[in-house]
Number of protein chains: 2
Amino acid sequence: MRARDENKEIAIRQKAVEMIVKEGLDGLSMQKLAKAAGVSPATIYIYYKDRDDLIIQLALYASEKLTCTSLENFNPEMSFEEGMKLQWRNRARFFTENPTEMLFVEQIKHSQHYERFVEANKGHFKEVMTKFTRNAIKNKELIELPFEAYWSVAFGPLYQLIKFHSQGHSYANKEFHLTDELMMETLQLVLKALKP
Amino acid sequence: MRARDENKEIAIRQKAVEMIVKEGLDGLSMQKLAKAAGVSPATIYIYYKDRDDLIIQLALYASEKLTCTSLENFNPEMSFEEGMKLQWRNRARFFTENPTEMLFVEQIKHSQHYERFVEANKGHFKEVMTKFTRNAIKNKELIELPFEAYWSVAFGPLYQLIKFHSQGHSYANKEFHLTDELMMETLQLVLKALKP
DNA sequence: AAAATAAATGAACATTCATTCATTTAATAA
DNA sequence: TTATTAAATGAATGAATGTTCATTTATTTT
């Protein structure tokens with residue numbers, strides 16, 4: 001038996017994500033990807049069933065990486081403020097360290113692939129976050145409200161800030177950069193909203 | 001001179017947006033679009049320079065429609081709470097009445113086309129919103145903070161809620177539907193965050 | 001060293017792609 | 001009515017697409 005060359009797998013994944021972020025989902029061609037990864041087109045089909053499978057697998061992989069990073073040092077028993085601060089920082093750090101992958105996940109989330117993507121995404125993470133919010137409610141650190149409303153207020157602003165940053169948004173001719181300071185300032189507003 | 005058939009233009013636009021939302025940017029082919037719109041492929045090129053131009057023009061058109069709707073009955077001199085409530089309701093209404101177009105804009109916003117898209121989007125709207133926030137700050141209804149932070153807290157949650165709704169998100173086996181009541185409840189949280 | 005296995009390949013496949021062009025159609029201006 | 005103009009067309013183009021397959025290569029097992 002001949003073993004799979006891990007470098008090839010990584011090259012395919014990396015180049016594919018790069019291509020999609022740079023040229024869009026419609027800019028990803030199997031043959032161009034093969035060339036960019038230094039691999040035969042047929043090789044890609046050893047790793048992935050077809051083009052759609054490639055895209056979804058990559059999205060799941062990247063998303064799991066993000067989820068994993070967001071849970072680093074996290075504990076559902078943490079105080080609400082501490083837990084939220086850690087989640088925000090972990091997510092922002094993932095973005096700083098993997099901007100391309102983050103943009104890729106966001107792109108997939110807003111594409112026609114989202115449905116299959118979200119289906120496969122019901123894992124450990126939801127469980128932990130449920131515990132976290134339940135605990136916070138019990139401790140009167142968080143108001144009671146539907147999970148989706150909580151999530152929207154808790155993380156919607158962070159993702160919007162990241163989007164502004166990654167797109168080099170400018171307002172009144174001043175370019176926007178997301179600093180840890182501004183992030184924590186914004187988080188304080190979010191906490192104010194969510195505390196009883 | 002022969003006049004352009006407006007119905008054809010509308011059919012092209014509508015079918016293109018539908019196709020993109022349903023099958024993604026990589027699912028949009030000029031020939032399929034022509035067939036769906038009941039038009040010759042060559043006709044599309046009378047209205048649009050090429051495929052990319054088509055996509056961007058459509059995105060700009062839809063986005064302007066959204067912007068316009070969001071400003072209906074809006075006045076930058078309004079009280080902060082009233083103004084925010086109106087913006088949320090207007091945006092939510094646009095989504096309810098034009099779900100496909102809304103999803104389309106969101107998809108483009110998160111695609112490689114965003115840059116060209118945002119460049120052409122610096123119009124009347126920003127001016128009005130700047131007046132609105134300045135006025136609210138002056139009246140001590142809104143804390144002072146960078147525009148991007150304000151926007152993130154003010155509208156990030158709404159867009160996240162809309163996303164949950166449009167994707168038929170479910171939590172604890174309960175499907176999520178965005179009601180006006182929950183929307184207004186969430187808005188109250190956002191206002192709590194943004195008020196001095 | 002030989003056999004066995006699966007990874008890896010490059011050429012090839014039929015399709016589909018975006019776009020063009022010579023021609024026709026319809027509406028206005030003369 | 002006739003001339004003029006641009007909209008609209010359908011067929012055609014060559015390039016690029018996703019995927020397959022017979023073959024080769026590298027590694028492990030016997």
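Each chain gets a letter, A, B and so on, in the order its sequence line appears, and its residues count up from 1. Since the model is a prediction, treat every value here as computed from it, not as a measurement.
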Problem set entry | A:Leu189 side chain reached by A:Glu185 side chain, heavy atoms, under 4.5 Å | no
Exercise. According to a strict under-4.0 Å criterion, is A:Lys8 in side-chain N/O contact with OP1 or OP2 of C:dT9?
Worked result: yes
Exercise. Residues two or more places apart in sequence or in another chain: which of them pass side-chain contact (heavy atoms from CB on, under 4.5 Å) with B:Arg93?
Worked result: B:Thr69, B:Glu72, B:Asn90, B:Glu97
Problem set entry | Working for side-chain hydrogen bond (donor to acceptor under 3.5 Å, both in side chains), residues B:Asn135 and B:Glu141 | CA-CA 9 Å; B:Asn135 189 56; B:Glu141 300 172 311; 5.4 Å; no
Exercise. Looking at D:dT17, C:dT19, D:dT25, which one has an atom nearest to any side-chain atom of A:Gln31?
Worked result: D:dT17
For this session: Using only side-chain N and O atoms of B:Tyr47, determine if any of them is under 4.0 Å from OP1 or OP2 of D:dA8.
Result: yes
Exercise. What is the nucleic acid contact for A:Ala3, judged by heavy atoms within less than 4.0 Å: base, sugar-phosphate only, or nothing?
Worked result: sugar-phosphate
For this session: For residues A:Val190 and A:Phe155, determine if any side-chain heavy atom of one lies less than 4.5 Å from a side-chain heavy atom of the other.
Result: no
Exercise. Between A:Phe80 and A:Lys85, is there a cation-pi geometry (under 6.0 Å to ring centre, at most 45° from the normal)?
Worked result: no
Problem set entry | 5'-most by nearest nucleotide on DNA chain D - B:Ser40 or B:Arg4 | B:Arg4
Exercise. Can you list, by residue number, the residues of residues 50-62 of chain A that have a non-hydrogen atom closer than 4.0 angstrom to DNA chain D?
Worked result: A:Asp50, A:Arg51
For this session: Grab the CE-P distance between B:Met30 and C:dC21 for me, whole Å please.
Result: 16 Å
Exercise. B:Lys32 has an atom NZ; how far is it from atom P of C:dT15, in whole Å?
Worked result: 16 Å
Exercise. Looking across every strand, which nucleic acid part, if any, lies under 4.0 Å from B:Leu28 by heavy atom: base, sugar-phosphate, or nothing?
Worked result: sugar-phosphate
Exercise. Between D:dA16 and A:Ser29, is there an OP1 or OP2 to side-chain N/O distance shorter than 4.0 Å?
Worked result: no
Exercise. Is the distance between the ring centroids of A:Phe74 and A:Phe132 under 6.0 Å?
Worked result: yes
